[in-house]
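Below: the structure, in structure tokens.
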Protein chains: 2
Amino acid sequence: MIRCSGLFRPDHRLWRPGGERTGKVGRMVRVTLHEVAVEAGVSDSTVSRALRGLDKVDEGTRARVRQAADRLHFSFSRNASSLASGKTMRISLLFSDKLNTWFDASVLQGAYEVLYPQRYDLIPSTVSTYEQLSAFFSRLPADRNVDAVIVASINLGSGETDILKRLTIPTVGLDSRTIEGFDASVLLDDRKGMHDAVALLKRLGHRRMAYVGMPEPGDFEFSSQRRGDAFMESALAMGFQPRDLLRIDVGRRADYRTYDEAVGSGVARVLALDPMPTALCVESDGYAIALIGGLRKYGIRVPQDMSVVGFDDADVAAAADLTTVHQNPEEMARSAADKALALMRGEEPEERHSLADPILMLRGSTARPPQRAR
Amino acid sequence: MIRCSGLFRPDHRLWRPGGERTGKVGRMVRVTLHEVAVEAGVSDSTVSRALRGLDKVDEGTRARVRQAADRLHFSFSRNASSLASGKTMRISLLFSDKLNTWFDASVLQGAYEVLYPQRYDLIPSTVSTYEQLSAFFSRLPADRNVDAVIVASINLGSGETDILKRLTIPTVGLDSRTIEGFDASVLLDDRKGMHDAVALLKRLGHRRMAYVGMPEPGDFEFSSQRRGDAFMESALAMGFQPRDLLRIDVGRRADYRTYDEAVGSGVARVLALDPMPTALCVESDGYAIALIGGLRKYGIRVPQDMSVVGFDDADVAAAADLTTVHQNPEEMARSAADKALALMRGEEPEERHSLADPILMLRGSTARPPQRAR
DNA sequence: TTGTACGCGTTATCAT
DNA sequence: ATGATAACGCGTACAA
């Protein structure tokens, strides 16, 4: 970083409550509803009603009040409103991973799209260990600080579930393991996605396949387990022989010093299989792409020698031309936000608990197995 | 003054959809500082001091208060605290694009990392037109609702700049066009990045190159312009001939019905060049990758026939093995947040305005030009 | 070290 | 339709 000289502004940021409003920057400082009332020549209550668009306000007065407010650049103090009304107009979004992961960022965007127009602010938080989760929840009489909580991708323990049940604000689960404790939820139908992937591979002629799982960081991941189970069940149901179904668990990322090592481990595990499978279902796109890179280094061509199917359809999947199971976290988040909105209004959501359908995206990482293996 | 906390609970605060929740709804509802005081047998102010860790509190008392607070599951009402103290403990983050773009999501994460430990909440917002921007700013006596504003990737007009200057809360620009109006800023040195890219291509032996730009959605994008200019300047300074430097502006995404069409347009423009350049510098990774796909369909091999350099080094770049100019928005956001923190404390940031250095990432999309073109 | 009392900017109730 | 006035829950000079 290079140093630049900055323009220095002496004044501001030194505001003391109950203290002097040391003039400084001129006005523009903290216009209150009361000042608008004075300016418009009406009472505080009238200003409040007029500006909030309540009825029982003469349209003439309302106009005058609006003008006065504009003139003074008035805007409500959310804090004061919240304190008085009991509604915070804020919603907490809890994640288990970094906010810039594909999934979490999409959820944020989706929720934002429906909540912002309703004038709700979104407050994202993350927890990555059960300890943090527990801390978050124990302080969660967030009753007082937010109007609803949306919990994304977090596998709650019974302690948290209990707290959830007692909360007086609506709670919505997103991609959670169970719907237990939530007032509403949106889950992905992992099983269906995996079923479709396996069905594709079978149709292509594959006889021997493996599932490769590597949980992402965090204590709460469980989709690996779920997807692996779905893989086995689907394949068995379709007539695959147990001896032709392999399951490789690479471990967690934290078990390795670098991501490359984790990938190398997966590659080694695949190469060690004898005979090698002709197709791989991988838990997530990121690991699938890395795996493909690793296999190619060892002369395994994808898709000629090995078909690979990912899961999620993150942006990288299209870039890497990866066949994968598509899910739409933005849409799921919109749905979750809609449910939260309904619950906050005291209404019944269209559907308390819903299940989103994944879609198989056919791209270049899958093909018929090599001749010798058919 | 008479206190009747707990006696009168306006029921617009009690949320109960579909009637009662199994039993427990009992108390867990709204514990106030006062109740803790009663439980601990001290005054309200003592509780306040004890829980906030101020000195001049007997450690014995503090312990008792803490226990009482835990027992009652007390947590502060941020609204009330804010109202009383004048600090909101919230920071506004303004973006010009969807929150789930690589850049914006990374900024969010970076800012979160430094602000959350300091107990600040992050409030993300987006604006995509000047109208929205103007609305955001006109209501921005957000003085009252947040303690600082971080503005990311937004090209402010003079109107907004003026408002910025009058704001009484710290404002930090991130990836903005100028530092005008901001108390502090973090910018990327686009010029250096583009210079390095051009230098690489020259060293590889390229003689004829093109810059391809396509602004992302939104009214505020200007990096395209900036990067294109830097491309031309760098190349000319390195001795390239003007006739060997092409500049292709594909237009904005909104000009096309689909992204594929926009990509097709770029491909056509490149193919139409005669003689074709042997190297392309593309404004962003996403478009670079798409372009490569399009060119390959027309038999142009990358990198054998055409070298391509992207910009940003988003996740997709590594997956697509794209040579690109790396920038680190997470780190930039951390820096911006640090500055905001210092300004809010009334301190002078280490550096008011800083410039981040991009790094050229050498990957598989660049090579020497074909024989015939050397 | 601890307690008292008032203020922060709105909303909501009850008069008028 | 409009105006007083009491909460809302906490911070903080100032008194004890």
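Distances from the side chain of Leu83(A) to the nucleotides dG9(D), dT10(C), dG11(D) place dG9(D) closest. Here dT12(D) is the nucleotide among dT11(C), dT12(D), dG3(D) with the atom lying nearest to any side-chain atom of Arg52(B). Of all nucleotides listed (dC10(D), dT10(C), dT12(D)), dT10(C) comes nearest to the side chain of Phe76(A). With dT4(C), dA12(C), dT10(C) as the candidates, the nucleotide lying closest to the side chain of Ser77(A) is dT10(C).
For dT10(C), neither phosphate oxygen OP1 nor OP2 lies less than 4.0 angstrom from any side-chain nitrogen or oxygen of Ser85(A). In this structure, Ser82(B) does not reach the dC8(C) phosphate: none of its side-chain N or O atoms is under 4.0 Å from OP1 or OP2. Close to dG3(D), at under 4.0 Å from its OP1 or OP2, lies a side-chain N or O of Thr46(A). Distances shown here put a side-chain N or O of Ser48(B) below 4.0 Å from the OP1 or OP2 atom of dG11(D).
Side-chain contact check for Leu115(A) versus Leu341(A): some heavy-atom pair is nearer than 4.5 Å.
Both Ser45(A) and Ala80(B) sit near DNA chain C, but only Ala80(B) has its closest nucleotide nearer the 5' end.
The CG atom of Leu99(A) sits 8.5 Å away from the OG atom of Ser125(A) when rounded to the nearest 0.5 Å.
Arg49(A) comes within 4.0 angstrom of a base, heavy atoms only.
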